[in-house]
Amino acid sequence: MKFKSITGTKDILPAESFRWQYVERTFRELAHRYNFKEIRTPVFEQTELFARGIGELTDIVGKEMYTFRDRSENSLTLKPEMTAAVIRAYLQHNLGQQQPVTKVYYLAPMFRQERPQKGRLRQFHQFGLEVIGSHQPEADAEIIAMTAEYYKALGITQADLKINSVGCEKCRPAYKEKLKEFLRPNLPHLSEESQRRFESNPLRILDSKDERDRELTDAAPLQKDNLCEECNEHFIRLQELLSETGVSYTVDGRIVRGLDYYTKTAFEFISSALGSQDALSGGGRYDLLAKELGGKDVPGVGVAGGLERLLLVLEASDLMKDSDRKPVVYLAAADNESRTWLYGVTQQLRRADISCDTDLLRRSLKAQMREASRQLVQFTIIAGTGERDRNEVTVKNMETGEQQPIPVGDLAHYINQQLSDNGNDGEKS
RNA sequence: GUGGGCGUAGCUCAGUAGGUAGAGCGCCAGGUUGUGGCCCUGGUGGUCGCGGGUUCAAGUCCCGUCGCUCACCCCA
């Protein structure tokens, strides 16, 4: 075998694609219920969009982007996340001019050049929601509530929501100083990584997994306790909204997201059913992003969640039933003389909206029956020259083994009737 | 970028003190001259990741390399 898929990428094979369709369909239907419309953007953008939007100092921009030059020497990047691209499209097409609030969702592949491990791939897939144009906590609640509802719809109970407020341009600078003040005495004892972050991004020190860092920052002041009036009000109102809608959460003052653009709300859904990479989804408010990208001063809030991780949780929790759609009918030819005629019957059934399959290998009747059995069809239609001459077929109920001669003209009707008699539409979805 | 584990049939794996490969499942065929699922019989299928070394002889020992996987970092 000469060619293999690239490290960190995965094929979604026919035997498992129904799982993806299930989580995607559930997401789309729910998004529609919340009146989010889908947005699709290109898989690549100008590198500068992500560098500016996500932040030069983040790990994503610093070492994880798939960046390349095209033949015109433009620097392009496979999107490592969606929000910057959505805002770019929002600004480019002046979506804010058409309506004051824009609600969009997406299901799309993302690319980050990290070392793969459980729940982490180089090409992975995210679902996401963005509410653009509102400063109000109701917008934050809309995002979080639907995400929680999505997990609930899939049957996931182990998804813990943690929320925090990371302040805004008014209260964060003062807090940052306060935090540095606190950390300074212990600076030499912090981990190397945290020491490096002391100047560039001290907030990140708080969510370090290093044990010593944990101890040393145990009593550190938190942003949520040092918010300005506006941010504090926003955070409190958001909590009220979540309580009102029955979304359970815990406040975790150490949640700091890996992207620079977040202001006020930051949150994560964590699952204990995952491995080391336990974040199911994460998001927050990004009121400064649009302006940072050179556009108008437009607020926004959003979420992005990993579909691979979602599927891992569903499988670990045994919530993924084998619900792939099976054909209802298999048509088997008893001899080669009747195959052409039988193929016509097959097409008739398909046009009558009955899912069916037939032999493409000119196999023996026995082999065709075996195939029908393997496909778990409910009925097998058997026909040879005898049936053909009478313009009828033999319909075999695969469960009971009973066989019935049925005129071709009545076939579709007969099948549909049998299906409804069984209280089963044959489309277990 | 760093560290651990693993790489033998499509899949899950076994493989003895080194003597040129096996099982189960799957797939195909037969056991019924037009009929499945169970059962029985037979069959298909492997450059033992790749390269080099030691040896009369290596899947089995040594070195290198590639890949997969888990973890660190970080995140979805």
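Throughout, protein chains are lettered first and strands after them, A, B, ... in sequence-line order, and every chain is numbered starting at 1.
- Using cut-offs of 30° and 60° on the angle between ring planes, the pair F36(A) and Y34(A) is tilted.
- In this structure, K180(A) forms a cation-pi arrangement with F198(A), its terminal cationic atom sitting closer than 6.0 Å to the ring centre and no more than 45° off the ring axis.
- Base engagement by D278(A) is indicated by at least one non-hydrogen atom pair under 4.0 Å involving a base atom.
- Distance from the side chain of K366(A) is smallest for G31(B) among the nucleotides C73(B), C68(B), G31(B).
- The residue T380(A) sits apart from the nucleic acid: no heavy atom pair falls under 4.0 Å.
- Note: F127(A) and F27(A) have tilted aromatic rings, judged against thresholds of 30 and 60 degrees for the angle between ring planes.
- If you check every strand for non-hydrogen atoms under 4.0 Å, R197(A) touches sugar and phosphate atoms only.
- Residue G119(A) is in base contact, counting any heavy-atom pair closer than 4.0 Å across all strands shown.
- Within 4.0 Å (heavy atoms only), L310(A) reaches no atom of the nucleic acid at all.
- Heavy atoms of E81(A) sit nowhere under 4.0 angstrom from any nucleic acid atom.
- The NZ atom of K326(A) sits 17 Å away from the C1' atom of G36(B) (whole-angstrom rounding).
- In this structure, R374(A) reaches the sugar-phosphate backbone alone: every heavy-atom distance under 4.0 Å involves primed, P, OP1 or OP2 atoms, never a base.
- Across all strands shown, E268(A) has no heavy atoms under 4.0 Å from either base or sugar-phosphate atoms.
- The base of C73(B) sits with one of its N or O atoms less than 3.5 Å from a complementary donor or acceptor on the side chain of Q117(A).
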